[in-house]
Amino acid sequence: QVQLVESGGGLVQPGGSLRLSCVVSGRSSTDYTMGWFRWAPGRERELVSGITWNGGRTYAAGSVKDRFTISIDNAKNTMYLQMNNLKPEDTAVYYCAGKKASVWFGQWDDWGQGTQVTVSS
């Protein structure tokens, strides 16, 4: 059974930075796609960024391109999301997710518990 555990959320001022981490355990195959979602009340859940386990392909939503960078450390079984120039509209609960299929959209199989990111002065 795959387990995903996020960390790194918090309160930051506009223009600040945060790095989220997601530790993966129980994964049995390297054929695995990972992503970061976010959800805020009154808004649709959004796929923010995605990466294949070997790091060969990545995806970034237009709203975060040039500000957020996704990466993966296979040796540590950890995925990261470096978030720079944060804006109030980035405020949300951020979830780590994983799936066996190598497509960004559609159903995702595994989810973390979420970590709150709040951007406010």
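All figures in this text were calculated on a predicted structure; none of them were measured in a lab.
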Determine all donor-acceptor pairs shorter than 3.5 Å in which one atom belongs to a side chain in residues 3-16; sequence neighbours excluded.
from: E6; atom 1: OE1; to: Q113; atom 2: N; distance (Å): 3.0
from: E6; atom 1: OE1; to: Q113; atom 2: NE2; distance (Å): 3.4
from: E6; atom 1: OE1; to: G114; atom 2: N; distance (Å): 3.0
from: E6; atom 1: OE2; to: C96; atom 2: N; distance (Å): 2.7
from: E6; atom 1: OE2; to: G114; atom 2: N; distance (Å): 3.2

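- With sequence neighbours left out, N74 forms a side-chain contact (heavy atoms from CB on, under 4.5 Å) with W53, I72.
- W108 approaches V103 most closely through the heavy-atom pair CZ2-O, 4.5 Å.
- Residue pairs satisfying the disulfide bond (SG atoms under 2.5 Å apart) criterion with at least one member in residues 27-81, sequence neighbours excluded, are absent.
- With sequence neighbours left out, N84 forms a side-chain contact (heavy atoms from CB on, under 4.5 Å) with S17, Q82.
- Between the side chains of E89 and S63, no donor N or O sits under 3.5 Å from an acceptor N or O.
- Residue pairs that meet the salt bridge (Lys or Arg N to Asp or Glu O under 4.0 Å) test with at least one member in residues 56-81, sequence neighbours left out, are R67-D90.
- Take T118 and apply the side-chain hydrogen bond (donor to acceptor under 3.5 Å, both in side chains) test, not counting sequence neighbours, and it matches Q116.
- Using a 4.5 Å cut-off on side-chain heavy atoms (C-beta onward), T115 and L20 make contact.
- Minimum interatomic distance between R38 and A92 (heavy atoms only, all atoms of both residues): CB-CB, 3.8 Å.
- The nearest pair of heavy atoms linking A60 to V64 is CB-CG2, 4.4 Å.
- Side-chain contact between L86 and F68 is present, with heavy atoms from C-beta onward closer than 4.5 Å.
- Checked against side-chain hydrogen bond (donor to acceptor under 3.5 Å, both in side chains), R19 has no partners two or more places apart in sequence or in another chain.
- Under the 4.5 angstrom side-chain criterion for Ile, Leu, Val, Met, Phe, Trp and Tyr, V23 has no cluster partners at all.
- Partners of W111 according to the ring pair (Phe, Tyr, Trp, His ring centres under 6.0 Å) rule, which considers only residues two or more places apart in sequence or in another chain, are F37.
- To the nearest 0.5 angstrom, I51 atom CD1 is 10.0 Å from T33 atom OG1.
- Counting all heavy atoms, side chain and backbone alike, M79 lies closest to W36 at CE-NE1, 3.3 Å.
- Hydrophobic cluster of Y80: no remaining members, since no ILVMFWY side chain lies below 4.5 Å from it.
- Here side-chain hydrogen bond (donor to acceptor under 3.5 Å, both in side chains) pairs that include residues 95-106, with residues two or more places apart or in two chains, number zero.
- One finds the OH atom of Y94 at 11.0 Å from the OG atom of S49 (value rounded to the nearest 0.5 Å).
- The side-chain hydrogen bond (donor to acceptor under 3.5 Å, both in side chains) test applied to D110 returns Y32, not counting sequence neighbours.
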